[in-house]
**Q** 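Following this message is one structure expressed as structure tokens.
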Amino acid sequence: MKKVLCFFNDFFIGLKRNIIFNLFLLVLIGISFFGGTKVKAYYSFNRNQSVSFTTATYTALSLTTDRSTYGMCNRDATVTLTINNPNIYNVNYTISINDSKLTYTVDGSSGSSYTITKNGTKTHTIVLKGTTTNTSVSIIVTPTGAYSSSHSKSINLDLVCPVCTWETPSVSKLMKDQTFTYNLTCTDASGIATSTLASTAFTVSNSNMISIEGVTATKVTNGYKYGLTVKGGSTNGNATISVKAGSVADNNGNKSASVTSSNINVNNNVTVNFDHNYNILNENTSKWTFHGQSKVDSSNQYNGRTGVAVYSNAYQYTGIKIPILSTNYHQNVTYLLSGRFKKGANFTGTLKYYTPAYDSSNTVVNWNVIGITASNLSSTWKLFQLKISSSTYSIPSLLLLYDTANQGPTYISDIKLREYATDTKQYKTAYGTLPTPTRTGYRFNGWYTSETGGTVVNNTTIVSNSNAHTLYAHWSDVEAPTCSFGSFSPTSTMKGSTATITLTCTDNVGVVTNTLTSSSFTISNTSAISISSITSSAVSGGYKYVLTVTGGNGNATSTITLKASSVKDAAGNSNAAVTSASITNIADQTGPEVSFSPNGNVAFSKS
């Protein structure tokens, strides 16, 4: 009975405790929901049915991101969000953003409910997609249940891409194997992260025109300047360089768009002039016409060439007239008129250096004029040139005339009018086909880099001069001196009497043999005549030799022959043998003896 009473006593005591515990829980819940303090309660029973209580106040989650600003210019923004849970219990939450213009994924999916363990850390990869004008966005983490209100982390969005700009090319024309530095500058407000670029970051529109040999980088304000070494190729034309999209990144991860340079002109054309290198003027100044005080002036010469002082007299358009060798003038070719000029005195008008062209009726139809004024000249020699395109018209003379009376002197030297041709060749390639000029009495020896001497240029020679340049024809004289005899005067000799005969030898480059001896000749009949003396004198292009012959003992005729190779020209060419007309010598001038016989007959006999 006593035990039964003890049981009921314990039962009621336990019931009392449960009622008290439940009431206590209700109080806590009420405090939690209505008193404003957020706590979480835990209870436990010991073996004696005693109850112990603990409470935990909610602490806000902490949010951090891997950076504060994210590039979002034409790209997605990838944000690494780290959440730290300082509470001693698990927390469930959702993730969202506050920009409706953007979509997003969390850890690769669109799910939004997550759990972080007590005292734990969790990292999410959030990818923002789309286009917005907002430069900041908030990532919102909202715990579920009654723990706390939402938490947010604000990040900045960089919506501006890096700007890359090509500078103006520093060369207007690029030739094969020539190089220049072409600069690309890339900047951004956040700075440029790409400190180097390789040539593979660029595309070239035509690799036969240009190539990229290397790229350097130099730090500039808010970015880098990339210097491309560009080399010219073998193909002519315009080429561009483009930096590939995405090659340059800023410090917020934005990348550059593709940017194309302006045209780079590759032009391997080289103008080559072909100077036939011989004057078609008559350089014999004795054939020139000098007006007033105009004259040959040996004290004013350029490189030993003929110099003149040009004056006008009391009439305008007076000066010097130089004849052109008509045998050297060709139709439908180009000529180069050139001369060296130097200032003299009393020069106020214009000195005209020109070739008038005449039609078949002797009317001037064209004027090829270099007009020179005192302001064009100085006290040193100055070159003036003019290309003349010949047609079917005749150009008989070169004129150096003032348009004003009483002018001069002006000094002129190295006066030339020469046949001239022009062609276009390709730099760093062979010259290829070259002109083959002709010149009467000469052999063409090839093209050279200088008027005299220089280096020979043939069809396989590589064009190494990138500028317009002139090649000069070199010649060898192949025309032998021409020699001819005049007539004997008188036309016959007697024993001991004399006669003369003239031998004239000329050549296109001039005869250099100024004396001859009797050994230079052969006489067909030495009993008829012999050469007693020879004199010589200069004539245009050569020499005149006067031979005096004396009659001999024989009654006979004879000729004189100039031996071959006796007379030479300035190029070393020799004459061919030439024979004179015959001369008759009468040695016996006594008549026949006449005798009479007794019978009256007459007899003739030679004594």
**Q** Is the terminal nitrogen or CZ of Lys244 (NZ for Lys, CZ for Arg) located under 6.0 angstrom from the six-membered ring centre of Phe202 and within 45° of that ring's axis?
**A**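 No.
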**Q** Within a 6.0 Å radius of atom NZ on Lys118, are there more than 12 heavy atoms belonging to other residues, nucleotides or ligands?
**A**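 It does not: Lys118 NZ has 12 such atoms or fewer within range.
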**Q** Looking at OG1 of Thr115 and NZ of Lys122, how far apart are the two atoms once the value is rounded to the nearest 0.5 Å?
**A**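 It comes to 6.5 Å.
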**Q** Considering the options Asn267, Asn268, Asn269, Thr235, which one meets the side chain to side chain donor-acceptor pair (under 3.5 Å) requirement together with Gln426?
**A**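 Of all the options given, the one that passes is Asn269.
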**Q** Step by step, would you call His124 with Ile139 a side chain to side chain contact (heavy atoms under 4.5 Å, CB included)?
**A** CA-CA 11 Å; His124 296 284; Ile139 300 173; over 6 Å; no
**Q** Looking only at side-chain N and O atoms, does Asn368 offer a donor or acceptor that is under 3.5 Å from a partner on Thr355?
**A**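 Yes, a side-chain donor-acceptor pair sits under 3.5 Å.
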**Q** According to the interplanar angle, ranging from 0 to 90°, do the rings of Phe274 and Trp447 count as parallel (below 30°), tilted (30 to 60°) or perpendicular (above 60°)?
**A**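 Because their plane-to-plane angle is over 60°, the rings of Phe274 and Trp447 count as perpendicular.
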**Q** If we count only N and O atoms by modelled type, under 3.5 Å, do the side chains of Asn252 and Asp250 hold a donor and an acceptor together?
**A**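 Short answer, no.
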**Q** Thr194: what forms a side-chain contact (heavy atoms from CB on, under 4.5 Å) with it, not counting sequence neighbours?
**A**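 Thr194 satisfies side-chain contact (heavy atoms from CB on, under 4.5 Å) with Ile192, Leu197, Tyr226, Val248, Ala249 once adjacent residues are dropped.
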**Q** With sequence neighbours left out, what residues match Thr103 under side-chain contact (heavy atoms from CB on, under 4.5 Å)?
**A**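 side-chain contact (heavy atoms from CB on, under 4.5 Å) check on Thr103 returns Lys129.
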**Q** Would you please say whether a donor-acceptor pair under 3.5 Å links the side chains of Asn277 and Asp275?
**A**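 No, no side-chain donor-acceptor contact under 3.5 Å.
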**Q** Side-chain contact test, heavy atoms from C-beta onward, threshold under 4.5 Å: evaluate it for Ile415 versus Leu398 and give yes or no.
**A**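 Yes, close enough: below the 4.5 Å cut-off.
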**Q** Indicate whether any N or O donor in one side chain lies under 3.5 Å from an N or O acceptor in the other, for Thr422 and Asn273.
**A**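 There is such a pair between these side chains.
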**Q** May I ask you to decide if the ring planes of Phe341 and Tyr353 are parallel, tilted or perpendicular, using 30° and 60° as cut-offs?
**A**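 Judged by the thresholds at 30° and 60°, the geometry between Phe341 and Tyr353 is perpendicular.
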**Q** I'd like to know whether Leu383 forms a side chain to side chain contact (heavy atoms under 4.5 Å, CB included) with Ser338, so could you lay out the CA-CA distance, the side-chain angles of the two residues, the decisive distance to 0.1 Å, and finally the verdict.
**A** CA-CA 7 Å; Leu383 175 65; Ser338 64; 4.2 Å; yes
